[in-house]
Amino acid sequence: MKSLLVIVDMQRDFVSGALGTPEAREILPRVAKRIRRAKADGVSLAYTMDTHQSDYLQTQEGRNLPVAHCIEGTEGWAVCPELSGLLEGAPAFHKPSFGSPALAEYVKNEGFDRIELAGVCTGICVLSNAALIKAYVPEAEIVVDKTLCACVSPETHQTAIRAMELLQIRTQRSDQP
């Protein structure tokens, strides 16, 4: 089985910056541990980066979420330092919106059978990327670990988990502390 672990938007602005949450900070060490385990097990890695430009507030997303974040080249755009070294060499998918068609195409072209997603925000970018991957490779096993994702609030996290389950995306709880 050819497996891929996708780390979604674990950037400073989503963890400790403009849109950071206690839940995102809480999952950070568990995500790092999962990346180390994946590397030890020979699982391929990829990651996404929310990537906006200086005109963000004039975009549709910016009008609906008027908090400048992940502006390319800023400190908030960078991957959290706890993960950046662990992701070195993995393909990065910069995305101006919630989901990355380029990531889904990569998954399809590389022939991955199992794709696991972890990161933030469960109800926006994790959900969007999981749904896109499901559309591109409907027979692949797509897994989201509930303990390796965080959302705007615990309630929206649970709503997103239920939505992914409706899309036949397997959700699980890891045995990690």
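- Using a 4.5 Å heavy-atom threshold, the side chains of R114 and K2 count as separate.
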Tell me, with the steps shown, if N129 and S100 meet side-chain contact (heavy atoms from CB on, under 4.5 Å). CA-CA 6 Å; N129 283 289; S100 172; 3.7 Å; yes
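- In this view, C121 and I124, C151, V152 satisfy the side chain to side chain contact (heavy atoms under 4.5 Å, CB included) rule, not counting sequence neighbours.
- G76 and C70 make their closest contact through O-SG, 4.1 Å (heavy atoms, listed as atom of the first residue, atom of the second, distance).
- A distance-only check finds a donor-acceptor pair linking the side chain of T122 to the backbone of A150 [under 3.5 Å].
- Clustering ILVMFWY residues whenever any of their side-chain heavy atoms sit less than 4.5 angstrom apart, transitively, puts Y47 in the very cluster that holds L19.
- The main-chain N or O of T147 is found under 3.5 Å from a side-chain atom of D145 such that the two form a donor-acceptor pair.
- Under 3.5 Å, the side chains of E61 and T59 contain no donor-acceptor pair of N or O atoms.
- Residue T74 holds its OG1 atom at 10.5 Å from NE2 of H52, rounded to the nearest 0.5 Å.
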Please lay out, stage by stage, how V31 and L83 fare under the test side-chain contact (heavy atoms from CB on, under 4.5 Å). CA-CA 8 Å; V31 171; L83 304 181; 4.0 Å; yes
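- Taken to the nearest 0.5 Å, the CG atom of L86 stands 11.0 Å off from the CE atom of M10.
- One finds the CD atom of Q11 at 12.0 Å from the OG atom of S84 (value rounded to the nearest 0.5 Å).
- Annotation: side chain of L5 is not in contact with side chain of S44 (no heavy-atom distance under 4.5 Å).
- E75 CD: 12 or fewer foreign heavy atoms inside a 6.0 Å radius.
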Let me have the donor-acceptor pairs involving side chains of residues 20-29, under 3.5 Å, with sequence neighbours excluded, atom names and distances please.
unit_1	atom_1	unit_2	atom_2	d
T21	OG1	A24	N	3.0
R25	NH1	V15	O	3.0
R25	NH1	T21	O	3.4

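- If you take CH2 on W77 and CG on D13, they are separated by 12.0 Å, rounding to the nearest 0.5 Å.
- Looking only at side-chain heavy atoms (C-beta outward), L45 and K39 come within less than 4.5 Å of each other.
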Please evaluate residues Y56 and L65 with respect to the criterion side-chain contact (heavy atoms from CB on, under 4.5 Å), reporting the C-alpha separation (whole Å), side-chain torsions for both, the decisive distance (0.1 Å), and the verdict. CA-CA 10 Å; Y56 171 76; L65 177 63; 3.7 Å; yes
May I have the step-by-step check of side-chain contact (heavy atoms from CB on, under 4.5 Å) for I35 and I7, ending in yes or no? CA-CA 9 Å; I35 294 168; I7 304 301; 3.8 Å; yes
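- With sequence neighbours excluded, the residues that form a side chain to side chain donor-acceptor pair (under 3.5 Å) with D9 are T48, K95.
- Y136 contributes atom OH, which lies 10.0 Å from atom CG of N109 (distance to the nearest 0.5 angstrom).
- To the nearest 0.5 Å, the span separating NZ on K146 from CZ on R173 amounts to 7.0 Å.
- With sequence neighbours excluded, the residues forming a side chain to side chain contact (heavy atoms under 4.5 Å, CB included) with R162 are Q158, T159, E165, listed by chain and number.
- H157 meets the ring pair (Phe, Tyr, Trp, His ring centres under 6.0 Å) test with no other residue; sequence neighbours excluded.
- Nearest heavy atom pair, residue G123 against residue A160, reads CA-CB, 3.3 Å.
- Apart from L103 itself, the hydrophobic cluster it occupies contains L4, V6, V8, F93, Y106, V107, F112, I115, L117, V126, L127, I133, V137, I142, V144, I161, M164, L167, I169, where clustering links Ile, Leu, Val, Met, Phe, Trp and Tyr at side-chain heavy-atom distances under 4.5 Å.
- Contact check for C125 versus V120: no side-chain heavy atoms found under the 4.5 Å cut-off.
- Between the side chain of R170 and the backbone N or O of E141 there is no donor-acceptor pair closer than 3.5 Å.
- Across A18 and A68, no two heavy atoms sit closer than the pair CB-O, 3.6 Å.
- Contact of the H69 side chain with the D50 side chain is registered, since non-hydrogen atoms from C-beta on lie closer than 4.5 Å.
- Closest heavy-atom contact between C149 and A118: SG-CA, 3.9 Å.
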